[in-house]
Amino acid sequence: MSYKASNKLQDLQYFGEYGGVNPSISDSSTYTFLSAKKMFDTFEGNTEGCYLYSRHSSPANLYLGEALAAMEGTESANVTASGMGAITAVIMQLCNANEHIISSRTIYGGTYAFMKNFLKKFNIDTSFVDITNIDIVEKSITSNTKMIYCESVSNPLLEVADLIALSKLAKKYAIPLVVDNTFSPLTLAPAKLGADVVIHSLTKFINGTSDCVAGAVCGSTEFCLALKDVNNGAGMLLGSTLDSLRASSILKNMRTLHIRMQQHSYNAQYLSERFENDGLRVVYPGLESHSGHEILKKQMQNEFGFGGLLTIDVGSLEKANALMEMMQHQKLGYLAVSLGFYKTLFSAPGTSTSSEIPLEEQKQMGLSDGLIRFSIGLDNDIERTYKMMKSCMQKLGIISKKVMVN
Ligand code: PLP
């Protein structure tokens, strides 16, 4: 891929109000105007560079938005108070009552619940499909379809979307392709592959310190301004704006994202290869056995690797729970949802982040009881981590002791 998101990010340089190396934090909810006419014009959206009220925009949010737009190669980006704040605003902006959405069936449980349950209030119907089957996606399109939605690498099954094929299809029918890129920042730049809108939960890798929730919508200037429109913008009117203080702290953390992603990916690749070799059922897009491996290889920015998420099916929920408790006890990480932290986080998605998906549908999509999702941390000595994890698995009979000769 020729687009160098990391270079765009590297070239960003801001000066604070007093010449500081960080931009000053805008500590105000509202902004003064020297003339009443200017205030009116700003409300009408006719003045650039004027701040009105921090739910609309604030300097810190614009700085963070600029960094995210640089990373994704989009014209603009808005930041929101959570990933769900970004997702729901985009959906409400693109879809009216009685319209139709096509979504991947393997997506974050909250997004699934919003589409499946909440959108019933507006009679918006979603077809949940196997997004890796382009024929099925095309067959699901109706004259009412207003959005094709997927995650670039899906939560929790790590399915890889063929973004080039999907965007070609979306363009053929003039339907916006919306991609949640939370699992693969820097690894993938979906807008450069043809996506119209790219969403992030900044809560995860981009912030990387698990100390806040935040989100982002990256897209055209026209779309980002429409979201902020005082009369019709879903971002402005639903009110999921990020606080300025948080925006500045996320911007500071984002500066190490490229180094962190490389280490997350290196460690996840290391563990996947070894555990696969030990005979475990490992899903990781960096493994040749992964059905989306070649597609991701074709679309990714190689230096950032295949990402920090992997899953292991240990056979049953009992074993999964026992293993997670043992690993936490041994300080290998935390039994916690979410991802992108410096320590490894693990959870059983069927009973946590994907519990909104009915059991029958979980089964259909291959989400089994014994599946553990790992967000691999930044461990400096990953070989030691591997040995410790393997020892836990042996104690619980997940890996047989006989295999442990080397
Ligand atoms: N998108 C994905 C892929 C997620 O995993 C999550 C949360 O886990 C979200 C969106 C929602 O983000 P947030 O929790 O920041 O609202």
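Start at 1 and go down the list; that is how both ligands and their atoms are numbered.
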Distance-only donor-acceptor pairs under 3.5 Å for side chains of residues 61-71, two or more places apart:
unit_1	atom_1	unit_2	atom_2	d
Asn61	OD1	Ser58	OG	3.4
Asn61	ND2	Leu242	O	2.9

Check your understanding: Any idea which residues sit under 4.0 Å from ligand 1, heavy-atom distances?
Key -> Ser82, Gly83, Met84, Ile87, Tyr108, Glu151, Asn155, Asp180, Thr182, Phe183, Ser201, Thr203, Lys204, Ala214
Point to revise | Salt-bridge contact Asp369-Lys319 (side-chain N to carboxylate O under 4.0 Å) | key: no
Point to revise | Pair Glu356 + Lys116: basic N to acidic O under 4.0 Å | key: no
Check your understanding: Got a sec, which residues hit side-chain hydrogen bond (donor to acceptor under 3.5 Å, both in side chains) with Lys331, two or more places apart in sequence or on another chain?
Key -> none
Check your understanding: Charged N to carboxylate O under 4.0 angstrom, Glu294 versus Lys298?
Key -> no
Exercise for review: Sorted by first residue and then second, give each ring pair (Phe, Tyr, Trp, His ring centres under 6.0 Å) pair with at least one member in residues 249-272; sequence neighbours left out.
Suggested key: Phe205-His264
